[in-house]
Amino acid sequence: MNDAVIIPPAALDLLTSQVTGPVATPADQSYGDETFAWNLGFPQTPAVAVGATNAADVQAAVRFAAVQNLPVAVLATGHGVMSTADQAVLINVRRLRSLQIDPEARTATVGAGVEWQEVVSAAGALGLAPVSGSALNVGVVGYTLGGGLSPVLGRRFGWAADHVRAFDIVTADGELRTVTAQSEPDLFWAVRGGKSNFGVVVSLTFSLMPVPRFYGGGLYFDAERADPVLSEFRRLAGLEDDRVSVSFAFLRLPPAPFVPEPLRGKVIAHLRFSHLGTAEEGEALLAPVRAAAPALIDLAQERPYTEYAVVHNDPVDPLPAYERTTMLTGFPPEAAQAFVETAGAGVDTPVLVAEIRRLGGALGREPEVANAIGHRDAPFTLWLGATGAPGDPAAMAGPLDALLDALAPWKHPGAVLNFLSPADADPAQIAQAYSPAVHERLLECKLKYDPLNRFRVNHVLIAG
């Protein structure tokens, strides 16, 4: 941590009088609650935290940061934190919980604190589905601004950012703007893929899909049987049908009571599968997988979309999460073999999750209204996750890098922005999430809307 920022008491008193939510400094008992992030690996250490209850609170906090010459950080669930928000003004948006569904327009409008489980439940009751991520307790807005990769709807409908209709954002000048493709096209383009570099999005309107049901779930195998399962993964990944989504992961599961007994304390090969067709079609697609090896647990079946989180079964409870990622140019048999040799059964590694996910389909196509999502040509992404002591990402750097190095021959220059880690947080690394032309345009928008780089925490977008 840098030397503590000293904020004059009178300035804090003024801020407190201007907002309806709580204002907390490190000396206050409520500071821990206002700065708590789901990812325990990066304890948040702002100079002051503001618990925003409405857009006016956000405006006051941004203007306060400008007067005090401090950076601004935004916190919803804290799944995507990449840094400690050291000596920043942290705006906690969890209290912004508004949610409206328009069934005729097939849209949802949500506040910045809404999580996916709320939208999925409300939309599902109407036979609709959002382009939501693998975990239900992730915040809608942060996920969408970073692209938003759905394990069920992505290949069919594209990135979540492709379906944004409008948003309300507080920019660095403290102004609240309602932004659409017509009102401010450059800002509308940049925020959808540029994450939190341009302001604090307090409300987001996006399209919903007419998908009430799907066929899918996870199939869990002993990692000793990974070779035939990986072959089947490659077969499914090679299908042109964009209704099919698939990923494969090695999991190292603890011997804990919350883990189902057949998986407890084992290295697992986990095939994640979804199909937006009939149950009969899904059964036929998975029949060769089921014949390839005996599953320890098989959860694939026809389901309402509200059960989509069973595909990945991501952890729900907070933990210190350290991640690395890269896109891949392909996943041929040689890459699969390298993956097994560095992440499979018998390998001594603390990396708990090593996932290969198929991209392509609509994820690879430009939307009707362009945005800043980069590298749509990449066919696969590699994501690695480990856990360890809070505040010690360096301890996991070596094992995570070892797995990245094993697949280096197939490395694509891009990366999924939401999957980036502190090791990727310098401006040069962030730039690699975009093509040079897109990055240059983002920098131009940054200069226009945040010339003093007030929003510079986590995903840093400045000239490197």
Donor-acceptor pair, [X] side chain versus [Y] backbone, under 3.5 Å?
X	Y	result
Lys266	Pro262	yes
Arg252	Ala343	yes
His375	Tyr434	yes
Glu281	Thr278	yes
Tyr308	Phe214	no
His163	Phe157	yes
Thr329	Lys411	no
Asp57	Gly21	yes
Tyr143	Gly133	yes
Ser121	Glu118	no

What are the two closest heavy atoms between [X] and [Y], and how far apart are they?
X	Y	result
Asn92	Asp33	ND2-O, 4.2 Å
Leu96	Asn54	CD2-N, 3.3 Å
Ser274	Pro151	OG-O, 3.1 Å
Val351	Gly385	CG1-O, 3.5 Å
Ala52	Arg95	O-CB, 3.3 Å
Gln59	Gly174	NE2-O, 2.9 Å

Note to self: Is there a side-chain contact (heavy atoms from CB on, under 4.5 Å) between Val131 and Trp159? Walk through the geometry before answering.
What the structure shows: CA-CA 7 Å; Val131 184; Trp159 301 87; over 6 Å; no
Margin query: Is there a side-chain contact between Asp186 and Lys448 in this structure, where contact means two heavy atoms from C-beta onward sitting under 4.5 Å apart?
Written below: yes
Note to self: Less than 4.5 Å apart, side chain to side chain, heavy atoms only: is that true for Met327 and Leu359?
What the structure shows: yes
Check: Where do Leu328 and Thr381 land on the side-chain contact (heavy atoms from CB on, under 4.5 Å) test, with the steps shown first?
Finding: CA-CA 5 Å; Leu328 301 175; Thr381 186; over 6 Å; no
Donor-acceptor contacts, no H, no angles, side chain residues 238-246, under 3.5 Å, sequence neighbours left out:
from, atom 1, to, atom 2, distance (Å)
Asp241, OD1, Arg243, N, 2.9
Asp241, OD1, Arg243, NE, 3.1
Asp241, OD2, Arg243, NE, 3.2
Asp241, OD2, Arg243, NH2, 2.9
Asp242, OD1, Arg156, NH1, 2.7
Asp242, OD2, Arg365, NH2, 3.2

Check: Phe248: what forms a ring-ring contact (aromatic ring centres under 6.0 Å, His included) with it, not counting sequence neighbours?
Finding: Phe250
Note to self: Please determine whether side-chain contact (heavy atoms from CB on, under 4.5 Å) holds for the pair Leu271 and Glu232, giving the CA-CA distance in whole Å, both sets of side-chain angles, and the decisive distance to 0.1 Å.
What the structure shows: CA-CA 9 Å; Leu271 184 81; Glu232 287 302 316; 5.8 Å; no
Short side-chain donor-acceptor distance under 3.5 Å, [Y] and [X]:
X	Y	answer
Tyr449	Glu184	yes
Asn313	His270	no
Asp450	Asn197	no
Glu280	Tyr215	no
Asn39	Tyr322	no
Tyr305	Ser132	yes
Asn137	Thr77	no

Checklist line | Test side-chain contact (heavy atoms from CB on, under 4.5 Å) applied to Arg235 and Val289, step by step | finding: CA-CA 10 Å; Arg235 174 185 65 83; Val289 179; 4.0 Å; yes
Notebook entry, point to check: Does the ring pair (Phe, Tyr, Trp, His ring centres under 6.0 Å) test come out yes or no for Trp410 and Phe331, once each step is laid out?
Noted result: CA-CA 7 Å; Trp410 302 278; Phe331 193 65; 8.0 Å; no
Geometric cation-pi criterion [X] and [Y], 6.0 Å radius, 45° cone:
X	Y	value
Arg358	Phe380	yes
Arg441	Trp189	yes
Arg192	Phe188	yes

Next item on the list: Fit a plane to each ring of His79 and Trp38, take the angle between them on a 0 to 90° scale, and name the class: parallel (under 30°), tilted (30 to 60°) or perpendicular (over 60°).
Entry: parallel
Next item on the list: Measure the CD-CD distance between Glu323 and Glu355 for me, rounded to the nearest 0.5 Å.
Entry: 11.0 Å
Quick one: side chains of residues 198-211, donor-acceptor pairs under 3.5 Å with protein atoms, not counting sequence neighbours, listed by atom name and distance.
from, atom 1, to, atom 2, distance (Å)
Thr205, OG1, Thr109, OG1, 2.8
Ser207, OG, Arg165, NE, 2.8
Ser207, OG, Arg165, NH2, 3.2

Margin query: Could you check whether Arg177 pairs with Asp168 (Lys NZ or Arg NE/NH1/NH2 to Asp/Glu carboxylate O, under 4.0 Å)?
Written below: no
Notebook entry, point to check: Going through the distances and angles, do Ser134 and Asp314 end up as a side-chain hydrogen bond (donor to acceptor under 3.5 Å, both in side chains)?
Noted result: CA-CA 7 Å; Ser134 58; Asp314 285 351; 2.5 Å; yes
Margin query: Given Thr387, which partner from the list Pro350, Pro254, Pro320, Pro315 fulfils the side-chain contact (heavy atoms from CB on, under 4.5 Å) test?
Written below: Pro320
